[in-house]
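So the structure is just underneath, and the comments pick up after that.
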Amino acid sequence: MADLSNQVENLNIDGNASSYVPPHLRNSSRRPRNDGEGSSFNNKGSFFGRGRGGGFSSNRGGRGGGSGGGFRPAGTGRWINGKHVPTERNEKLELQLFGATGDPNFQSSGINFDNYDDIPVEASGENVPEPVTEFTSPPLDELLLENIKFAHFVKPTPVQKYSIPIVANKRDLMACAQTGSGKTGGFLFPVLSESFFTGPSEIPEAARSSYMRKAFPTAVVLAPTRELATQIFDEAKKFTYRSWVRPTVVYGGSDVGSQMRDLDRGCDLLVATPGRLNDLLERGKISLAKVKYLVLDEADRMLDMGFEPQIRNIVEGCDMPGVDQRQTLMFSATFPVDIQHLARDFLSDYIFLSVGRVGSTSENITQRVLYVEDEDKKSALLDLLSASSGGLTLIFVETKRMADQLTDFLIMQNFRATAIHGDRTQSERERALGSFKTGKADLLVATAVAARGLDIPNVTHVINYDLPGDVDDYVHRIGRTGRAGNTGLATAFLNRGNKNVVKGLIEILSEANQEVPSFLNDLSRESAFGSRGGRGGGGFSNNRSFGTRDYRKQGTGSFGASRGGGGSLGGSFRGGGNSGSSWGGGRSSNWDSFGSAGGNSWW
DNA sequence: AAAAAAG
């Protein structure tokens with residue numbers, strides 16, 4: 001690998017820093033479209049050049065065989081002669097990316113680092129690599145480790161403990177984990193670490209000199225919503241700091257031209273929503289031929305949203321390397337049959353990781369359920385809001401129309417409210433989220449677009465104005481508060497129209513030691529059957545805490561029988577006083593080694 | 001059923 005990239009790099013010898021010609025100007029008389037870009041590169045030339053003796057006099061100047069162009073934003077390092085050469089530190093940029101790096105109280109991601117050891121994890125598959133317990137180098141790349149520290153991540157979450165060695169051991173991963181389990185780091189850390197070690201892929205000379213520059217990302221991350229893609233991209237910016245890897249994000253709803261120009265500036269880690277990626281693939285703007293790492297985030301949600309054909313086109317219908325030529329990581333909250341099929345087709349001999357439902361037992365969140373008829377909801381809402389004592393309040397409704405209507409109503413009542421839903425333009429959505437995050441608007445009315453995956457700090461109250469049809473969605477929604485070990489309040493309006501969630505709701509409230517109002521029990525008796533009951537997709541009534549399991553364990557799969565009772569799960573770890581911790585035993589593939597989830601879970 | 005996502 002390293003030898004190849006050496007050869008590629010040595011093809012182009014471009015003189016020293018002062019006479020450097022960006023790759024996109026070589027062999028052509030084209031001028032940069034934007035003189036600002038050119039000059040800003042020059043300004044930074046000396047900055048980049050200081051790294052190692054002589055700057056980059058004997059390499060092609062760009063980022064090795066990477067997809068990058070001549071202009072590299074501040075903070076982007078390079079790959080020279082088979083070696084990773086990070087840029088020097090840049091205080092201004094660090095402040096931008098990480099906030100106050102010196103401030104120990106600064107928390108960038110809403111994670112309570114002390115509590116998550118109690119989250120139970122099951123790992124299964126052939127030869128599950130031993131999980132790590134700390135962020136260390138090795139196995140992590142040193143630069144990445146430094147960035148992780150800058151971002152104030154002090155300890156790996158359960159997902160990360162497993163995913164780091166799994167990727168390092170060249171294995172595929174199917175992880176059933178919710179938002180808040182440190183998923184993003186779960187794939188960014190190992191993928192970036194490996195990328196920092198191995199460097200960029202060689203890209204075809206023809207592609208470099210073609211009339212239209214083509215991006216050849218090394219890693220591709222697919223996410224269901226634009227906001228989630230943006231969020232992943234923002235994280236990626238932190239962890240790629242100073243490295244040769246340049247992250248890029250593409251999604252629909254915003255100008256494709258500017259996204260294409262951004263791709264021209266370098267695209268090593270691509271975060272994308274499926275629609276826009278397909279668009280850019282059709283335009284020939286992106287090639288997947290050099291993809292080493294493929295990540296599908298919230299895969300179940302992407303299938304729910306009907307993305308399967310688009311995802312299959314991306315993975316199977318273009319020039320993406322086959323299952324054995326890439327590493328694939330899939331994340332999904334649930335593991336229904338269609339995801340199992342996807343896993344079977346996209347993954348090879350994967351490790352199956354099931355992370356316990358974090359947060360359903362969280363006592364950080366006070367949950368209240370009020371019986372409110374539809375026509376009384378507005379006034380009930382006003383009551384709640386008048387009792388509110390500052391902080392941000394997130395209000396969930398079921399329809400886009402209701403989101404607009406309710407927002408108008410609240411504004412009429414002199415509340416600082418804004419709305420986020422799929423019928424708003426992308427810039428409206430971004431502005432809404434922005435003003436909510438900064439507190440300019442302290443009420444955000446949202447549809448399902450904001451239910452999962454979005455990390456908004458400081459939400460003190462989540463109101464389910466309309467309850468979702470699915471209790472899992474409820475859990476996700478209330479999880480927007482009570483983050484980072486803070487306390488939060490969750491209020492739900494319920495009436496006879498919500499019968500289908502009554503049972504599940506009772507279960508969740510009881511698990512979290514919350515008061516179960518008597519009308520809920522009454523309703524539950526009324527609809528003794530016909531409801532979807534609890535949660536967890538698999539019908540593992542004796543262990544519903546995981547709702548997900550490795551289906552390969554059933555029947556006579558390659559390792560089904562070898563596990564000794566692989567088909568029958570032990571009793572619920574939630575109620576039982578099991579001994580041992582998730583990690584302490586070190587037996588990563590032992591079904592019985594999980595401690596009690598006992599209320600210390602985090603979101 | 002609604003929402004999301006490519007226009």
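Note: hydrogens, waters and symmetry copies are ignored here, and every other heavy atom, side chains too, is used. Proteins get letters first, then strands, A, B, ... in listed order; numbering begins at 1 in each.
- Spacing between atom CG of A/Leu303 and atom P of B/dA3 amounts to 20 Å, rounded to whole angstrom units.
- Backbone-only contact: A/Gly253 has heavy atoms under 4.0 Å from sugar-phosphate atoms and none from a base.
- The CD atom of A/Gln426 sits 11 Å away from the P atom of B/dA4 (whole-angstrom rounding).
- With respect to A/Arg477 and A/Asp470, no salt bridge is recorded, no charged nitrogen being found less than 4.0 Å from a carboxylate O.
- Contact annotation: A/Thr447 reaches the phosphate of B/dA4 (side-chain N/O to OP1 or OP2, under 4.0 Å).
- Within 4.0 Å (heavy atoms only), A/Arg429 reaches sugar-phosphate atoms of the nucleic acid but no base atom.
- Contact annotation: A/Arg226 side-chain N/O to B/dA5 OP1/OP2 distance is under 4.0 Å.
- The side chain of A/Thr225 places no N or O atom within less than 4.0 Å of a non-bridging phosphate oxygen (OP1 or OP2) of B/dA5.
- Residues A/Arg416 and A/Gly439 share a closest heavy-atom pair of NH1-O, 3.0 Å.
- Side-chain atoms of A/Val250 and A/Asp262, non-hydrogen and from C-beta on, never get closer than 4.5 Å to each other.
- Rounded to whole Å, the distance from OH on A/Tyr465 to C1' on B/dA2 is 17 Å.
- In this structure, of B/dA2, B/dA5, B/dA6, it is B/dA5 that holds the atom nearest to the side chain of A/Met305.
- For the residue pair A/Thr491 / A/Arg368, a side-chain donor-acceptor distance below 3.5 Å is found, with atom types taken as modelled.
- Rounded to whole Å, the distance from CD on A/Glu398 to P on B/dA3 is 8 Å.
- Atom CE in A/Met302 sits about 17 Å away from atom P in B/dA4, given to the nearest Å.
- When rounded to the nearest whole Å, the span between CZ of A/Arg283 and P of B/dA6 equals 12 Å.
- The environment of A/Arg344 atom CZ is dense: over 12 non-hydrogen atoms of other residues, nucleotides or ligands sit within 6.0 angstrom.
- Distance CG (A/Asn500) to P (B/dA2): 14 Å, rounded to an integer number of Å.
- Regarding A/Arg301, its CZ atom lies at a distance of 8 Å from the P atom of B/dA5, rounded to whole Å.
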